[in-house]
Amino acid sequence: MKTKSAEETRAAGAALGKTLKKGAVVLLTGEFGSGKTTFVQGLAKGLGVKDLRAVCSPTFVMMNVYAGRVPLFHLDATRLADPREVFGLGWEERGSGVTAVEWGERIEGVVEPGAIRVALALVSETERSIRISPVKPPRTR
Ligand SMILES: Nc1ncnc2c1ncn2[C@@H]1O[C@H](COP(=O)(O)OP(=O)(O)O)[C@@H](O)[C@H]1O
Ligand SMILES: [Mg+2]
């Protein structure tokens, strides 16, 4: 799909957020400015998080937690020296809420099957393309 504003991207995130159950893992991919954090603001809305201003990039803290109908764990994988370090970031809590990971392609190879990939891409200054698909299991051969 294509969105024409940050608000539309938030709406797409909210629509997905409404459908997610505890334990859901969402891996967001896309370059800087493609709208990963904006999409997560929508996810938060769809999960019933009240104060959306609090939803901001977790680049420096590596994980934010927001209280909604289930907690939303918001992570950023950019600074991990090794993808498996994600398991040290409260990963064992993920079953109790929904986990959204920016720069999620960095950890695709280490997370269990069943994650959802949200691939964002810049189209123009105000347009973004968004593709939502299951993460394919890694090839075994
Ligand atoms: N269609 C759109 N969808 C998402 N963000 C958009 C859109 N159009 C413009 N923007 C702007 O692009 C920026 C996206 O930033 P952000 O969500 O922080 O990206 P990322 O987390 O991928 O670096 C925001 O400033 C947002 O307002
Ligand atoms: Mg971001």
Side-chain angles (χ1 to χ4, degrees), residues 1-140:
M1 89 171 84
K2 223 183 233 183
T3 63
K4 289 185 170 0
S5 66
E7 209 38 65
E8 281 187 28
T9 295
R10 281 189 203 99
L16 177 63
K18 280 187 189 146
T19 69
L20 296 176
K21 303 198 171 66
K22 279 183 184 174
V25 174
V26 179
L27 303 181
L28 298 117
T29 72
E31 63 214 281
F32 184 77
S34 60
K36 300 180 295 299
T37 301
T38 303
F39 189 93
V40 175
Q41 289 168 346
L43 275 185
K45 188 174 182 193
L47 288 166
V49 175
K50 291 277 154 23
D51 186 7
L52 295 182
R53 287 167 309 173
V55 180
C56 57
S57 173
T59 307
F60 297 103
V61 295
M62 304 239 263
M63 177 159 88
N64 289 322
V65 184
Y66 318 110
R69 94 181 132 70
V70 300
L72 171 60
F73 305 115
H74 184 191
L75 284 71
D76 188 320
T78 4
R79 290 172 166 247
L80 304 179
D82 182 291
R84 282 164 298 198
E85 282 177 17
V86 73
F87 302 130
L89 288 176
W91 193 250
E92 63 285 348
E93 311 287 345
R94 71 195 178 289
S96 62
V98 167
T99 300
V101 187
E102 297 196 27
W103 305 100
E105 64 271 35
R106 294 211 56 211
I107 64 164
E108 269 190 15
V110 300
V111 302
E112 65 276 21
I116 300 162
R117 186 201 288 123
V118 176
L120 292 124
L122 290 160
V123 177
S124 71
E125 190 159 339
T126 55
E127 293 169 293
R128 304 293 186 271
S129 76
I130 306 177
R131 278 180 300 122
I132 301 178
S133 60
V135 173
K136 292 188 193 76
R139 269 193 231 160
T140 49

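Each ligand, and each atom within it, is numbered from 1 in the order the structure gives.
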Taking the side chain as every heavy atom from C-beta outward, state whether Val70 and Leu20 have any atom pair closer than 4.5 Å.
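When only atoms from C-beta onward are counted, Leu20 and Val70 do not touch, as no gap falls below 4.5 Å.
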Mind checking whether Val110 and Phe87 have side chains closer than 4.5 Å, heavy atoms only?
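Yes, at least one pair of side-chain atoms sits under 4.5 Å.
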Contact residues of ligand 1 (heavy atom under 4.0 Å), by chain and number
Thr3, Lys4, Ser5, Ala6, Thr9, Glu31, Phe32, Gly33, Ser34, Gly35, Lys36, Thr37, Thr38, Glu102, Glu125, Thr126, Arg128
Using atom types as modelled, flag every donor-acceptor pair under 3.5 Å from a side chain in residues 116-126 to any protein atom, sequence neighbours excluded.
residue: Arg117; atom: NE; partner: Glu108; partner atom: OE2; Å: 2.7
residue: Arg117; atom: NH2; partner: Glu108; partner atom: OE1; Å: 3.2
residue: Arg117; atom: NH2; partner: Glu108; partner atom: OE2; Å: 3.2
residue: Ser124; atom: OG; partner: Thr126; partner atom: N; Å: 3.4
residue: Ser124; atom: OG; partner: Glu127; partner atom: N; Å: 3.2
residue: Ser124; atom: OG; partner: Glu127; partner atom: OE1; Å: 2.9

Please name all residues satisfying side chain to side chain contact (heavy atoms under 4.5 Å, CB included) with Ala6, sequence neighbours left out, ordered by chain then number.
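Side chain to side chain contact (heavy atoms under 4.5 Å, CB included) list for Ala6, sorted by chain: Arg10, Thr38.
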With the Mg ion (ligand 2) at the apex, how many degrees lie between OE1 of Glu102 and OG1 of Thr37, rounded to 10 degrees?
90°
Which heavy atom of Thr78 sits nearest a heavy atom of Trp103, and at what distance?
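Minimum heavy-atom contact is OG1-CD1, 3.4 Å.
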Only distances under 3.5 Å count here; give the side-chain donor-acceptor pairs of residues 26-35 to other protein atoms, sequence neighbours excluded, each with its distance to 0.1 Å.
residue: Ser34; atom: OG; partner: Glu31; partner atom: N; Å: 3.4
residue: Ser34; atom: OG; partner: Glu31; partner atom: O; Å: 2.7

